[in-house]
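Sequence lines set the chain letters: A, B, ... in the order given, protein chains first and strands last, and positions in each chain run from 1. Just so it is clear, the model here is predicted, and its values are computed rather than measured.
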Amino acid sequence: MKSDTRRLGSAFLLFFIPVILWLLLLVVLPHLELLRLSFTGNGRPGEVGFSLDNYMAFFKEPIYWLTFVRTAMYAILVTVLVTAIALPVSFYITKLVKVRAAGFLMVLLLVPFWVSELIRVYGWIILLRESGVLNRLLVSIGLFTEPVEMLYNDITMVMGLVYTSMLFMVIPVIGVMEDLDDSLIEAAHDLGASRLAIWRTIIIPHCTPGIVSGGIIVFMLVLGSYLTPNLMGGKNSLWFTEQIYNQIILYFNWNQGAAFGFLLLVLSSLIIWVLLKLTGQNLKEVVK
Amino acid sequence: MQYALSVRNLTKKFSAFTAVDNVSFDVEDGKFFSILGPSGCGKTTLLRMIAGFYTQTDGQILFGGQDMTNVAPNKRPVNLVFQSLALFPMMNVFENIAFGLRRRGEKGAAISRKVNDVLERVSLPDAGAKQVHQLSGGQKQRIAIARCLVLEPRVLLLDEPLGALDAKLREHMKVELKKLQAQVGTTFIYITHDQSEAMVMSDQVAVMNAGRFEQVGTPQDLYHGPSSSFVAQFVGSNNKLRVSLRAAGRGKYVAKYANGLQYPVPETDYLEAGDGWDLFVRPEAMIINPSVQAGDFNLMPATVKSILFDGGNSRLLVSPRGTDDELVVALPQNRQYDAIRAGDDVTIGWDPTKSVCYKSVDWKLYDEE
Amino acid sequence: MIRSLRNSKPYITGFRLFIIAYFVFLFAPLVITMILAFNDSMYPSLPWEGFTLDWFFGNGPKKYGIFHDQANLRAIGTSFRVAVAVTILSTFLGTCAAFLFEQHDFRFKNALYFLMIAPLVIPGVILGISILMFANSIGLTLEALTGLYVEFLGPGFWLIVLGQSSFISTIVALVVIARLRKFDRTLEEAAYNLGASQGQVLWYITLRYLRPAIIGGAAMAFLMSFENFNTTIFLVGSQATLPINLYLQVRDGSTPVINAISFLLITGVSILAVLNLSKGNKPVA
């Protein structure tokens, strides 16, 4: 029926042209170029033409693919941890605390969301390092006899990643939980369901769309994170983005970097796809 | 007589579906004209073509005798009161009403004079500074109309504007609207599926069905002389008796009903013998236990199934003897029928000239939602 | 279980402790960072050596506060200019996209919509390198064809702006789409019917209605640009933006001037966040 309507029809091109330019020049073509470069030479000057060298290098060199697998595993672990923390937090704010306090807590939750990752990581560094605030406190109250280096290990790094990506899970989960009608929980309770049963049969199924959209964003952010693993992780525990950074900025081997970038893109798309399939969601609904 | 609006052979097709099918009508200046039909009959499409939001497939639209078939909606001398009212939530009442004046390039002093004038006319003189969400349903209604009236359109279109109001307020607004129209003298074209709204307010009503006008006339014409089976069923309540016709000589026919009784039918030229006819008798044309001679009146023995008490609108639900049909009979509250109980046997009688007979067609009269 | 049902004391207390712990976890690093901005010490750590404003206003010889720290001030300036450009570009693109996807039907609409949301699920690092490589390839091709070196296509201001806009536009689009979806299109028809032209309808009705979303989207765009690291790191030229500059200082160790900068950013961002929230705009993730 739309085409029969006499209205702002001529505006179409006005909107279409900028959007198509944006998507073509800043999204589609750059990624095609990334793909092209990843299949070109291996960085030796003057070498052109199709080549699988960059991908071969990835599989031949254990440091590369081990980093890749490690990054993927940790990204999944962080996503799971974030979900496990976000659910009770969202539940408390939407269903348990007094309505007036809920508004205040929401604002409080959102403030760190606006503060840059770098500053948040910096905060952890001055808290946790050997000469940091926490060590100083623990030594002064006599719990520690001497300062301990709490930074630069995998546990701290995972905690940092949980911290920096947390809110991207909390916000969508709060969003869906707000829509959950309290009377459903009351009805389940009235029908004799235990707390665990209510969580399993009512709350979690209802929140799935929010969990999935939060999960996708968190997973993608962690996988592509650079600052947190770089500043909080151990010296010999590389994150895959650091490999990309090293290839491009340090070794100036763009083709190798392109191959790594493309592999990371494939990995993130693949895991997001699997997550969507497992939960029966689709991307269009999830990003709403 | 000058016509405010003339529509000539207007047709609108959406691919294979014909929403408006060759409709023609004229509306005299200053009249209250209603288009009445069930949902999906094409009345909204017709209205949107008149307003200019849809381009017609064929036909012409004239305002004051001037052909404006292909004029853009913002250039037509017609304004529309939307079903949702479409008051601009980001502006206050004054700015809503001033919107059209500003688009015409009118200036400050003239605008406030006109806005205040029209607010006065809709009896909301102090509403200018209010925000739209501060208004009640009935006030919003009047502001939506004022917003159009201030532009002094040749024709004001109203698209079921009372639909969203609750029942009591709707009754009140019907009267208000009729008074307002009489006072301002603008031609109103009112779209509705509610026959009571159309009947109460209008000078003329067009009954629309399946993209066509079935009948155009005064509310009284439509009620007493429906010209089709659809109008008989859609306008007012009516009892429908499935009958077969039998020739009775000299062009006359009698209707044979399921219980074997036969009733004379008013003479018309389209009657013919056979099955599949409907005899329509209005509830208030049916009289309970009439004290008249059988020759002048059609009589029917029946059993009372239940009493539907509703004050002045009370009815009796009866079942003609020998059938499972149900008829609705007006039950005047003059205490004469107080003794009637469910299960009683009664006789129902009606003046044959007050019935009409049409070939059976089952129309979809309302949405089942 | 929930507030309307009767809950046991341990249940409520346990939950409350968990939430307190969570908020401590959330705010501890931020609060510590802000407090140490006022410590009269050469290092961003304890012990507390007394209160000072030197890390804001100090002008040597030992302590250079942020307002006299030329390198950081320059980085703030660069970030600010980048953020302004990104805000303008991505607000424009995002709003266009919102209109395109909400109000128009065309072939391949779904495919195009998918492309538009793709930057949200592509790691920022990859957006950065692919735009770097694409711009470089175009630059090389142009140079080979015409012999001209196009400054614009090398790492630097414009490449940062384009790179950040590639995904920030999507975020603006989603914010505007969310509001446009609630827009009652009969308002447009009503305005049209009252004599407004197409342009006037767009300006007085539709854009006016979208204004809170566009402003909210623009504010998010500004902040996301100002704080972006992952995409920017590959596109930065000789002029570092603030996050890049801070990163180098954090990595290599620095004075509490970083705490002072953090203090200003956290305070500024909180004020913006509260203002934005009080206007009823929920940020979307």
If I compare all heavy atoms of [X] with all of [Y], which pair ends up nearest, and what's the gap?
X: A/W22; Y: C/A97; answer: CZ3-CB, 3.8 Å
X: A/S116; Y: C/E227; answer: N-OE2, 3.2 Å
X: A/I126; Y: C/L36; answer: CD1-CD1, 3.8 Å
X: A/V27; Y: C/S166; answer: CG2-O, 4.5 Å
X: C/V121; Y: A/S268; answer: O-OG, 3.9 Å

Part of [X] within contact of chain C (heavy atom distance under 4.5 Å):
X: A/V170; value: side chain
X: A/L108; value: both
X: A/V121; value: neither
X: A/L105; value: both
X: A/L128; value: neither
X: A/H189; value: side chain
X: A/R136; value: side chain
X: A/I203; value: side chain
X: A/L37; value: side chain
X: A/F91; value: side chain
X: A/L127; value: side chain
X: A/N135; value: neither
X: A/S140; value: neither
X: A/L265; value: both

Sort [X] into side chain, backbone, both or neither according to what part of it lies under 4.5 angstrom from a heavy atom of chain A.
X: C/N136; answer: side chain
X: C/T95; answer: neither
X: C/L223; answer: side chain
X: C/A28; answer: both
X: C/I19; answer: side chain

For chain A, the option from [options] that forms the most heavy-atom pairs under 4.5 Å:
options: C/L127, C/N228, C/V250, C/I12; result: C/V250
options: C/I258, C/I233, C/L246; result: C/I258
options: C/T170, C/I261, C/L89, C/I177; result: C/T170
options: C/S130, C/C96, C/G163; result: C/S130
options: C/F167, C/F18, C/F226; result: C/F18
options: C/F114, C/F101, C/F106; result: C/F106

Heavy-atom side-chain contact between [X] and [Y] under 4.5 Å:
X: C/L30; Y: A/P112; result: yes
X: A/M220; Y: C/P123; result: yes
X: C/F134; Y: A/L34; result: no
X: C/F15; Y: A/V89; result: no
X: A/E33; Y: C/I138; result: no
X: A/R36; Y: C/S137; result: yes
X: C/T33; Y: A/R120; result: no
X: C/Y11; Y: A/L96; result: yes

Output the option from [options] having the highest count of non-hydrogen pairs under 4.5 Å with chain C.
options: A/T241, A/L35, A/L227, A/I272; value: A/L227
options: A/G123, A/G257, A/G103; value: A/G123
options: A/I198, A/L32, A/V133; value: A/V133
options: A/F260, A/Y122, A/W199, A/F16; value: A/Y122
options: A/T94, A/I17, A/I119; value: A/I119
options: A/V111, A/I185, A/L231; value: A/L231

Would A/V115 and C/L265 count as a side-chain contact (heavy atoms from CB on, under 4.5 Å) if you check the C-alpha gap in whole Å, the side-chain angles of each, and the deciding distance to 0.1 Å?
CA-CA 7 Å; A/V115 176; C/L265 286 181; over 6 Å; no
Determine, stepwise, if the pair A/V19 / C/M116 fulfils side-chain contact (heavy atoms from CB on, under 4.5 Å).
CA-CA 9 Å; A/V19 172; C/M116 187 197 71; 5.7 Å; no
Just how far is it from atom [atom1] of [X] to atom [atom2] of [Y], taken to the nearest 0.5 Å?
X: C/I129; Y: A/I249; atom1: CD1; atom2: CD1; value: 10.0 Å
X: A/L25; Y: C/S165; atom1: CG; atom2: OG; value: 12.5 Å
X: A/S225; Y: C/F229; atom1: OG; atom2: CZ; value: 9.5 Å
X: C/R251; Y: A/L118; atom1: CZ; atom2: CG; value: 11.5 Å
X: A/L26; Y: C/L93; atom1: CG; atom2: CG; value: 8.0 Å
X: C/R16; Y: A/Y92; atom1: CZ; atom2: OH; value: 4.5 Å

Intermediate values then yes/no, side-chain contact (heavy atoms from CB on, under 4.5 Å), A/F15 and C/Q103
CA-CA 10 Å; A/F15 302 135; C/Q103 300 203 333; 5.5 Å; no
Under 3.5 Å, side chain of A/Y163 to main-chain N/O of C/L26, donor-acceptor pair present?
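Flag set: sc A/Y163 to bb C/L26 pair under 3.5 Å.
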I'd like to know whether the aromatic ring centres of C/F234 and A/W254 sit less than 6.0 Å apart in this structure.
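For C/F234 and A/W254, the ring centres are not under 6.0 Å apart.
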With under 30° as parallel and over 60° as perpendicular, where do the rings of A/W124 and C/F25 fit, or are they tilted in between?
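Rings of A/W124 and C/F25: tilted, as their planes differ by 30° to 60°.
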